[in-house]
Amino acid sequence: MSFPLLTATAALPALGAVATAAVPAARRTAAKWLALFVSLATLALGIVVLVRFEPGGDRYQLTESHAWIADFGVRYELGVDGIGVALLALTALLIPFVILAGWHDADPLETGNKRWRPTQGFFALILAVEAMVIISFEATDVFLFYIFFEAMLIPMYFLIGGFGDSAHEHGDEAAATQRSYAAVKFLLYNLVGGLIMLAAVIGLYVVAGNFSLAEIAQARANGSLHMATNTERWLFLGFFFAFAVKAPLWPLHTWLPNAMGEATAPVAVLITAVVDKVGTFAMLRFCLQLFPNASKWATPVILVLALISIIYGALLAVGQRDIKRLVAYASISHFGFIILGIFAMTSQGQSGATLYMVNHGISTAALMLVAGFLISRRGSRLIADYGGVQKVAPVLAGTFLIGGLATLSLPGLAPFVSEFLVLVGTFSRYPAIGIIATFGIVLAALYTLVLYQRTMTGPVKPEVATMPDLRPRELLVVAPLIVLLIFLGVYPKPVTDIVNPSVKQTLSDVHKKDPKPSVEAAK
């Protein structure tokens, strides 16, 4: 038997979470280093998966399959395609930076009444989320995927509700109440989506007799499995609703600004750069592959919802006074672009959407983590409380600017390529929607540049006059992300070479081809 590489990649952070939680309370620093070591070891395994994956090979590679609940057709089946392996690598890459950025976020609070916080629990929960997200990208059994799709809500609930920015704690019961509200809202929204999906998963089993993604897709392709039109549409809606909540797609998005606003900056990155990607990934893997006809039937409505997300999220970002909530609404706009690319049903759109998932994860991590460093210094999330930061902390301001420019998809930075592909792919099939979506880029430039202007330029406010610049640990977090943004902006080929074969197979699943150019080349 070959080495179970995919299992090891998910099991390592899971075991690391248990080990980190078991570290004695007096050894908080040891728990931090253990969590960091485990995340780096997981990154090493992720790199091995990436290297061993062959873009031109079988659709699902490094596969594992074992009997689990045989009486109900449930198997422990894993495999990665190009889309899954790209997102697995993104997750493994970001977690060490999340841990380093949150190095002091769970330390005991130095207040009049010193409050204890479970430092070990904070880092153990991060590793637990990593394990569940990774196996979600690997699972090719629908029931197995569903279990971890739902299970990741529990550690995320405790990360949001149990840990807030130390700058805002100080025994403030109102802050604790807001965090609890945000955590409960996050949990309830996603649980409702998950329960609806559970009904659809059961319905799929009734129709197909098993949960194997490969077997169901093959049976549909060769005609041995036929779904009635209404049945397929209801099942599609059950799956899509859960993924749209997780994504988050308008109007199911309202939990995200609360969750990102009240969580620590590293946990906010975990939410939008890692966990939310499971929703858009699952649209490609499960919705389109299992329910191709229903996916095409629902496309017009989904494209309109994605377009609303793009414009609505960007408009609300323009009007925000809170830095974190601004980034949250910007992410809603970006997820609209991702979903637009997926359901444009073109190779450019879906390649751009997958690339966007990767690039958005890196750019949002860079911007939000620098914003977190800024907020921890000043003790405020309000934009109006800043001014002139670039004069006292030029490195912090410079990295903040690059993260912001990546968010607005400046040419030369990674998100530009993905956003361009999404718009080209959308315009080639739905020109009116593609044209309207471009206004999201204009609004992105507005909210990003206004944010930078109000916080970093102008007269130095007295409260920021003594603000220190980025420290070595913080530079170690931000610098690699900036380098990646520039590298993938100039040379995205390593990612596109991996995802393009999987995108072509996904288009084949829904029996779609790229539209022919409407204007013939001049002869």
task = Taking the six-membered ring for Trp and the single ring otherwise, decide whether the centroids of F186 and Y157 are under 6.0 Å apart.
result = no

query = Under a 4.5 Å cut-off applied to non-hydrogen side-chain atoms, are V275 and M156 in contact?
reply = yes

ask   = Could you give all pairs that pass the side chain to side chain donor-acceptor pair (under 3.5 Å) test and reach residues 82-100, with sequence neighbours left out?
value = none

task = May I ask you to decide if Y60's main-chain N or O and D58's side chain share a donor-acceptor pair within less than 3.5 Å?
result = no

Check: I339 and I302 side chains under 4.5 Å, non-hydrogen atoms = yes

request  = Check the pair L88, F53 against side-chain contact (heavy atoms from CB on, under 4.5 Å), reporting the backbone distance first and the verdict last.
outcome  = CA-CA 12 Å; L88 184 155; F53 182 82; over 6 Å; no

ask   = Under the side chain to side chain donor-acceptor pair (under 3.5 Å) test, which residues partner S351, sequence neighbours left out?
value = N500

task = Identify the residue among T438, T346, I435 that makes a side-chain contact (heavy atoms from CB on, under 4.5 Å) with F427.
result = I435

ask   = Taking only residues two or more places apart in sequence, or in another chain, which ones meet Y452 in a side chain to side chain donor-acceptor pair (under 3.5 Å)?
value = Q390

request  = State, with a plain yes or no, whether a side-chain heavy atom of I338 is found less than 4.5 Å away from one of V422.
outcome  = no

ask   = Nearest heavy-atom pair of G82 and S502: which atoms, and what distance?
value = N-OG, 2.7 Å

inquiry  = Consider ring-ring contact (aromatic ring centres under 6.0 Å, His included). Of Y205, F286, W68, Y76, which one does F211 pass it with?
reply    = Y205

key: CA sep, side-chain torsions, deciding dist, call: M368, L270, side-chain contact (heavy atoms from CB on, under 4.5 Å)   = CA-CA 10 Å; M368 179 58 84; L270 199 61; over 6 Å; no

query = Side chains of M132 and P155: does their closest heavy-atom pair fall under 4.5 Å?
reply = yes

query = If only atom types and distance count, is the side chain of S333 paired as donor or acceptor with the main-chain N or O of Y329 below 3.5 Å?
reply = no

inquiry  = So for atom NZ, which belongs to K185, do other residues, nucleotides or ligands contribute more than 12 heavy atoms lying within a distance under 6.0 Å?
reply    = yes

request  = Mind listing the closest non-hydrogen atom pair of V370 and V478 along with its distance?
outcome  = CG2-CG2, 3.6 Å

ask   = Quick check: does any side chain N or O of K246 sit under 3.5 Å from a backbone N or O of F149, one acting as donor and the other as acceptor?
value = yes

ask   = Is there a donor-acceptor contact under 3.5 Å linking the side chains of T506 and Q350?
value = no

ask   = Does M345 offer a backbone N or O that forms a donor-acceptor pair with the side chain of R429 under 3.5 Å?
value = yes

Pair up each side-chain donor or acceptor in residues 291-298 with any protein partner under 3.5 Å, not counting sequence neighbours, and list the distances.
| unit_1 | atom_1 | unit_2 | atom_2 | d |
| --- | --- | --- | --- | --- |
| S295 | OG | C287 | O | 3.0 |
| S295 | OG | F291 | O | 2.8 |
| K296 | NZ | V510 | O | 3.2 |

key: CD1 on I135 to OG1 on T7, rounded to 0.5 Å   = 6.5 Å

key: Close side-chain approach of L290 to V142, heavy-atom, < 4.5 Å   = yes

query = Got more than 12 heavy atoms from elsewhere within 6.0 Å of CZ, F236?
reply = yes

Listed pairs under 3.5 Å, donor-acceptor, residues 303-310 side chains, sequence neighbours left out:
| unit_1 | atom_1 | unit_2 | atom_2 | d |
| --- | --- | --- | --- | --- |
| S309 | OG | W250 | N | 2.8 |
| S309 | OG | L305 | O | 3.2 |

query = Atom CZ of R52 and atom CG of L62: how far apart are they, to the nearest 0.5 Å?
reply = 5.5 Å

request  = Would you list the pairs meeting salt bridge (Lys or Arg N to Asp or Glu O under 4.0 Å) in which at least one residue belongs to residues 267-287, sequence neighbours left out?
outcome  = D81-R285

task = Hey, could you give me the CG/CD1 distance between L43 and I95, rounded to the nearest 0.5 Å?
result = 10.5 Å

request  = Would you please name every residue forming a salt bridge (Lys or Arg N to Asp or Glu O under 4.0 Å) with E419, sequence neighbours left out?
outcome  = none

inquiry  = List the residues meeting side chain to side chain donor-acceptor pair (under 3.5 Å) with S65, not counting sequence neighbours, and say none if there are none.
reply    = R75, E77

Matching residue for F281 among F145, F243, F137 - test: ring-ring contact (aromatic ring centres under 6.0 Å, His included) = F137

query = Between W255 and V245, is a side-chain contact (heavy atoms from CB on, under 4.5 Å) present by the stated rule, with each step listed?
reply = CA-CA 9 Å; W255 62 268; V245 173; 4.0 Å; yes

inquiry  = Are the side chains of I441 and L423 in contact, using a 4.5 Å heavy-atom criterion?
reply    = yes

query = A371 and I323: which non-hydrogen atoms are nearest, and at how many Å?
reply = CB-CG2, 3.9 Å

ask   = Heavy atoms, side chains only, cut-off 4.5 Å: are L127 and I99 in contact?
value = yes

ask   = Minimum heavy-atom separation for L94 to A273, with atom names?
value = CD1-CB, 3.8 Å

message = For residues 129-146, which residue pairs pass the side chain to side chain donor-acceptor pair (under 3.5 Å) check, not counting sequence neighbours?
response = none

ask   = Between Y356 and T280, is any side-chain donor less than 3.5 angstrom from a side-chain acceptor?
value = no

ask   = Would you say the ring centroid of F335 lies under 6.0 angstrom from that of H253?
value = no

task = Kindly determine whether L451 and Q320 satisfy side-chain contact (heavy atoms from CB on, under 4.5 Å), including the steps that lead there.
result = CA-CA 9 Å; L451 171 64; Q320 288 303 306; over 6 Å; no

message = If I take atom CG from residue N230 and atom CG from residue L235, how far apart are they, to the nearest 0.5 angstrom?
response = 11.0 Å

query = Which residues satisfy the side chain to side chain donor-acceptor pair (under 3.5 Å) test with T364, sequence neighbours excluded?
reply = H360

key: From CG (L12) to OG1 (T42), nearest 0.5 Å   = 4.0 Å

query = What is the distance from atom CG of L249 to atom CD1 of I332, rounded to the nearest 0.5 Å?
reply = 10.0 Å

message = Quick check: closest heavy atoms across A263 and I271, and the distance to 0.1 Å?
response = CB-CD1, 4.5 Å

task = Classify the side-chain pair Y189/T254 by whether it contains a donor and acceptor separated by less than 3.5 Å.
result = yes

inquiry  = Once side-chain contact (heavy atoms from CB on, under 4.5 Å) is applied, do any residues pair with A8, and if so which ones, sequence neighbours excluded?
reply    = F3, L45

Pairwise side-chain contact, V98 with V274, heavy-atom cut-off 4.5 Å (strictly under) = no

ask   = Taking all atoms of both residues into account, what is the closest heavy-atom pair of V477 and A101, and its distance?
value = CG2-N, 3.8 Å

Donor-acceptor pairs under 3.5 Å, side chain of residues 483-498 to any protein atom, not counting sequence neighbours: which ones?
| unit_1 | atom_1 | unit_2 | atom_2 | d |
| --- | --- | --- | --- | --- |
| K493 | NZ | D497 | OD2 | 2.7 |
| T496 | OG1 | P492 | O | 3.4 |
| T496 | OG1 | K493 | O | 3.1 |

